[in-house]
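Written below as structure tokens is the structure these notes are about.
One-based numbering, in listed order, for ligands and for the atoms of each. The chain is numbered in sequence order, starting from 1.
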Amino acid sequence: MTNDDPTAAELGRRFPPDFTWGFASSAYQIEGAAKEDGRGPSIWDTFSRAPGAVANGDNGDVACDHYHRYPEDVRLMGEIGVDAYRFSVAWPRVLPRGTGTVNRRGLDFYRRLVDELRGAGIEPMVNLFHWDLPQALQDRGGFANRDSVGWFADYAHVVASALADSVKDWMTFNEPAVYAFLAHADGIHAPGLRDWPTAIRVADTQLRAHAVASEAVRAAVSGARIGVAVDVNHFVGASGSERDARAAAEYKATRDIWFLDPLFGRGYPAAGLEAHRAAGHLEGVDLERPPDGKLDYLGLNYYRQESVRANSDAAFDWQVVAPVEAELTEMRWEVVPDGLRHELLWLHREYAPKEIVVSENGAAYDDRVDGAGAVRDADRQHYLARHLAAAADALEAGAPLRGYYVWSLLDNFEWSLGYGKRFGLVRVDFATQQRTIKQSGRWYGEVIAASR
Ligand code: FCB
């Protein structure tokens, strides 16, 4: 902690006693047990085996072994004092081939996890899709195939029916923009495709699948509350130039607003359509207006500022470049806590969601374990303190913020960057699977306690 950070007690007192404090995670990043109890392969099992796709050749076969160690992980959350946990269900555990026969043993894992959470007084928030599509469905075109709307709705129905009595908070998709664009246009996430029209189709199908799956969840769960987690970072022009400002606006229109406008019933944004069309991304794609997302709440995943520098005036001819003086995390992400306040208030003004939760926020740093086995991650604590202060600022300025979920409880498999990037408030020694609460984890507990 630096001297200007508020203390944990000062921060906690800025949030109402009924504010929801949680952790967020995702199945492929922590569960491991990739071949156990009938789980089918996912696109991340395939992708992580492609030479050069993931740093260090890492994969999620074992990950944090959370599939076996979930009681300990729930106990750690209880020790820190959170009241909610956002996790994702692995579709290939429940339906090994994506559709058809339900794998009871896979579904039972989530039943056990939910029971364990409720026993510890921790409210589960179930996210149905955090990128680990069954490989069998990718073999049929994945989300580029419109049939996936039905596949996803059927899967949602299976999970929602199984957990209906004990889960009220649901999410359909995590970061649909990252899934559509990083995985199908940039090729750096599974399934590793590089084709813009495919990425646009995937985005469109996710919006449709969200709507149909929401209906399936509402039909199965009385009193269900349904949201989606969007990644909205703080986009700015890298310089004061008009051209950089235009590039930043284009980035936002073609990515964040591309999903937000349809989710709030407005159809695709004109500026986004124009830029995607100019860049050739809509070739052969037939876009109709997607259905309203009818969200009970919006999840905001916020991590960083993205400074956009235009290379030319052409569509999509720009790059994200952190200024030399920028403060960076181990991900080389630009730390701008006030961007969180800014984006929360922008979402509130622009879309008026009924409620917002910060469904992910956190930072990777190169943690060191001292001789006594402790991790004094003052940098992560400093990151979190400033972001929580920004969230409190937004709350006080009228944003309907009801909860905050730190990414993440455990150090875990950070997608194509492998295990080298540690986001946990709890350290995982991947050789022994030993867990140790870091200084930031103890501190988070103090913030929570002070808010009550
Ligand atoms: C988000 C992802 C999450 C994790 C964090 C660091 O974009 O939703 O799985 O990788 O970034």
>> For atom 7 (O) of ligand 1, what's the nearest protein heavy-atom neighbour? Residue, atom name and distance, please.
In response: Glu175 OE1, 2.6 Å
>> Students often mix this up, so state it plainly: with edges at 30° and 60°, are the rings of Trp91 and Phe129 parallel, tilted or perpendicular?
In response: perpendicular
> For atom 10 (O) of ligand 1, what is the nearest protein heavy atom, given as residue, atom name and distance?
Replying inline: Glu414 OE1, 2.7 Å
> Quick one: are the ring centres of Phe23 and Trp407 less than 6.0 Å apart?
Replying inline: no
> In ligand 1, which numbered atoms sit nearer than 4.0 Å to a non-hydrogen atom of His130?
Replying inline: 2 (C), 3 (C), 8 (O), 9 (O)
>> Suppose I only count heavy atoms of Gln29 and a 4.0 Å limit; which atoms of ligand 1 are within that range?
In response: 3 (C), 4 (C), 9 (O), 10 (O)
> Does Asp366 have any side chain to side chain donor-acceptor pair (under 3.5 Å) partners at least two apart in sequence or in another chain, and if so, which?
Replying inline: Arg368
> Taking the non-hydrogen atoms of Met331, is any one of them nearer than 4.0 angstrom to ligand 1?
Replying inline: no
> Do any N/O atoms on Trp131 end up under 3.5 angstrom from N/O atoms on ligand 1?
Replying inline: no
> Among all protein non-hydrogen atoms, which one is nearest to atom 3 (C) of ligand 1, and what is the separation to 0.1 Å?
Replying inline: Glu360 OE1, 3.4 Å
> So, is Trp333 polar-close to ligand 1, with some N/O to N/O distance under 3.5 Å?
Replying inline: no
> Would you call Arg442-Glu446 a salt bridge at under 4.0 Å N-O?
Replying inline: no
> Between His184 and Tyr179, is the gap from one ring center to the other below 6.0 Å?
Replying inline: yes
> Is Asp231 touching ligand 1 with its side chain, its backbone, both, or neither, if touching means heavy atoms under 4.0 Å apart?
Replying inline: neither
> For ligand 1, which atoms, with element, lie under 4.0 Å from some heavy atom of Asn174?
Replying inline: 8 (O)
>> Minimum distance, heavy atoms only, to atom 5 (C) of ligand 1: which one of Tyr179, Tyr303, Phe423 is it?
In response: Tyr303
> Parallel, tilted or perpendicular: which fits the ring planes of His281 and Trp196, with parallel below 30° and perpendicular above 60°?
Replying inline: parallel
>> Can you see whether Phe143 has Arg201 sitting over its ring - NZ or CZ less than 6.0 Å from the centre and within 45° of the normal?
In response: no
> Is Arg112 salt-bridged to Asp108, cutoff N-O under 4.0 Å?
Replying inline: no
>> Can you tell me if Val178 contacts ligand 1 (heavy atom of the residue under 4.0 Å from the ligand)?
In response: no
